[in-house]
Amino acid sequence: MTASVHPQNPAAPIHARPGARAWFVLTVLCFVYVLNFLDRQLLSILAKPIQDELGVTDGQLGMISGLYFALFYCILAIPVGWLADRTNRVKVLAASCALWSAATAACGLSNNYGQLAMSRMAVGVGEAGGVPPSYAIISDYFPSGTRGTALSLFNLGPPIGQALGVAFGASIAAAYSWRDAFVWVGIIGVFTAAVVWLFVREPKKGGLDQVEAPAAADAAPVAKVGFWSTCRMYFGNPVLRGMALACGATQFITYATLNFATLFLMREKGMTLQEIAVWYALLVGVCVSIGMFLSGRLIDRLARRSKTAYAWLPAIGLLIGAPFFAGFVWAPTWQISLLFLAVPMALNYFYLSPAVTLVQEEVRPNQRVLSGALLLLVMNLIGLGLGPTFVGAASDFFKADYPDNSLQMAFYTLLPFYGLAIAMFLGLAAKIRRQAAKEAAQ
């Protein structure tokens with residue numbers, strides 16, 4: 001397409017299939033992503049015992065899991081992404097993992113809301129250097145045509161992390177204390193950071209994107225690009241900009257749901273921590289994983305025929321998932337509620353693999369980390385920053401009139417955002433078609 005700043009050469013040689021080292025690196029990075037999301041989700045999973053001990057309201061919970069966390073996570077991802085593009089991405093990732101893991105352990109030592117809020121902000125600082133470098137490292141281990149699948153496998157980190165967080169966090173909290181869950185997850189993360197530092201090699205930037213002869217490629221090092229030039233490139237591209245905004249609208253729903261589903265199921269549907277640790281953990285792990293992997297496989301196939309698949313696939317998933325989300329909120333028992341939730345838990349995540357793959361394919365190799373960070377900046381400031389904050393505030397608002405089901409009423413207010421996200425993905429499909437037409441005319 002015309003706006004592609006790193007056009008693919010149709011005459012480029014077909015690269016060999018990824019080797020054992022590529023799959024090893026993918027496995028390690030996926031585990032880091034598991035810990036990334038496990039650390040992030042522990043707060044929502046353990047919301048009820050934290051509220052019981054520290055007296056935190058729904059609104060306060062929404063702020064520390066949403067806006068406070070997102071401000072540090074999203075904004076710092078930009079300079080960290082720029083630094084990683086110009087230095088060693090593996091070392092940046094390892095240092096970030098160590099920082100957010102230490103901050104997670106500190107959450108378990110908090111004695112009041114202020115200390116907990118500061119610890120969560122520190123988690124956000126560390127996690128800012130987690131995902132964007134991983135996207136770029138994977139893209140330099142897996143050639144075009146396999147990246148959608150590789151990135152979809154990497155994106156299994158969130159559902160696995162969420163499922164393990166539910167199972168591990170709820171089990172530890174039920175048997176011991178919510179504090180122990182934070183401390184042990186933090187310790188595991190520090191050891192994992194050491195593994196990344198010692199055993200993951202930094203790949204050559206753009207090594208699988210060279211179309212020149214091997215000797216020429218080796219002789220021409222990848223030039224460093226400026227911070228602001230990459231920002232201008234990204235936000236000047238209507239497709240990349242539109243994808244980030246549509247993903248933000250989608251994440252408004254997904255993060256709001258993830259951050260309050262456990263509290264909703266326990267407080268208003270009657271689930272216990274032990275039941276959460278088994279049934280909700282299984283639902284998250286299985287359904288979100290299916291959505292992540294299936295969308296990656298589909299986008300590798302469908303995008304070869306038309307790049308509009310990057311927009312149509314998420315739109316169709318949201319369209320099917322919306323009525324089932326309404327059923328999840330309405331259902332009179334937790335068993336029926338979980339049955340309804342299974343469908344949107346899979347289909348709501350049809351946006352992530354297409355979005356990441358599109359960005360990694362469309363930009364130069366030495367702009368991949370920062371471009372990935374810019375994607376995360378927009379969609380996480382909107383989704384992670386505002387989604388949980390909105391639902392927490394809505395629940396506090398409805399509490400006076402609906403004291404026993406304020407979260408149910410708050411969840412109903414998410415339904416219009418399904419329509420907004422679908423409309424934005426349809427608009428994105430139109431932008432992709434227009435750019436494809438311009439490219440064909442040149």
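Here the structure is a predicted model, which is why all the values come from computation and not from measurement.
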Checklist entry - For L347 and L318, what are the C-alpha separation, side-chain angles and deciding distance, and is it a side-chain contact (heavy atoms from CB on, under 4.5 Å)? => result CA-CA 6 Å; L347 298 182; L318 290 169; over 6 Å; no
Next on the checklist: Apply side-chain contact (heavy atoms from CB on, under 4.5 Å) to residues L352 and M379 and explain how you reach the verdict.
Outcome noted: CA-CA 10 Å; L352 189 55; M379 67 185 192; 3.8 Å; yes
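- Contact check for C107 versus V123: side-chain heavy atoms found under the 4.5 Å cut-off.
- Using a 4.5 Å cut-off on side-chain heavy atoms (C-beta onward), L428 and Y310 make no contact.
- Residues W23 and F142 bring their aromatic ring centres within 6.0 Å.
- Side chains of E127 and S96 form no contact here, defined as non-hydrogen atoms less than 4.5 Å apart.
- Side-chain contact between L153 and F293: present, with at least one pair of heavy atoms (C-beta onward) separated by less than 4.5 Å.
- Looking at residues two or more places apart in sequence or on another chain, you find a side-chain hydrogen bond (donor to acceptor under 3.5 Å, both in side chains) between S406 and S395.
- With sequence neighbours left out, the side-chain hydrogen bond (donor to acceptor under 3.5 Å, both in side chains) criterion links R241 to no other residue.
- Taking CG of L407 as the start and CG of L263 as the end, the distance is 5.5 Å to the nearest 0.5 Å.
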Item to check | Test salt bridge (charged side-chain N to carboxylate O under 4.0 Å, His left out) applied to R267 and D58, step by step | outcome: CA-CA 12 Å; R267 197 170 72 191; D58 288 354; 2.7 Å; yes
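- Residue-environment remark: CZ (F324) stays at or below the threshold of 12 foreign heavy atoms within 6.0 Å.
- Counting only heavy atoms from C-beta outward, the side chains of I320 and I316 approach each other to under 4.5 Å.
- Nearest heavy-atom pair across T104 and F182 is O-CB, 3.4 Å.
- Surrounding CZ of F397 are at most 12 heavy atoms belonging to other residues, nucleotides or ligands under 6.0 Å away.
- Side-chain N or O atoms of R301 include none that pairs as donor or acceptor with a backbone N or O of G296 at under 3.5 Å.
- Taking every heavy atom of both residues into account, I138 and A150 meet most closely at CG2-CB, 4.0 Å.
- A pairwise comparison of heavy atoms in E362 and L240 identifies CB-CD2, 4.2 Å as the closest pair.
- In this structure, V286 and M345 have side chains that are not in contact, with every pair of non-hydrogen atoms separated by 4.5 Å or more.
- Within 6.0 Å of CE on M118 lie no more than 12 heavy atoms contributed by other residues, nucleotides or ligands.
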Checklist entry - Please walk me through it: do M243 and F425 pass side-chain contact (heavy atoms from CB on, under 4.5 Å)? => result CA-CA 7 Å; M243 176 62 86; F425 277 116; 3.9 Å; yes
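- At a cut-off of 3.5 Å, with distance as the only test, no side-chain donor of Y280 or E275 sits close to an acceptor on the other residue.
- By the 4.5 Å heavy-atom criterion applied to side chains, V28 and F199 are not counted as neighbours.
- Under a 3.5 Å cut-off, the side chain of Q251 and the backbone N or O of L384 do not form any donor-acceptor pair.
- Residue pairs meeting the ring-ring contact (aromatic ring centres under 6.0 Å, His included) criterion with at least one member in residues 238-268, sequence neighbours excluded, are F252-F390, F252-F417, F264-F328, F264-F411.
- Contact record, A331 with I336: CB-CG2, 3.7 Å, taken as the closest heavy-atom pair.
- Formation of a donor-acceptor pair under 3.5 Å by the S110 side chain with backbone atoms of N112 is not found in this model.
- The heavy-atom pair separating L338 from M271 by the smallest distance is CD1-CE, 4.1 Å.
- With a 4.5 Å cut-off on side-chain heavy atoms, W334 and L339 do not count as touching.
- Closest non-hydrogen pair, I64 versus R120, comes out as O-CB, 4.0 Å.
- With hydrogens and angles left out, the side-chain atoms of W178 and E53 include a donor and acceptor closer than 3.5 Å.
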Next on the checklist: Would L420 and M424 count as a side-chain contact (heavy atoms from CB on, under 4.5 Å) here? Give the steps.
Outcome noted: CA-CA 6 Å; L420 175 63; M424 294 178 75; 4.0 Å; yes
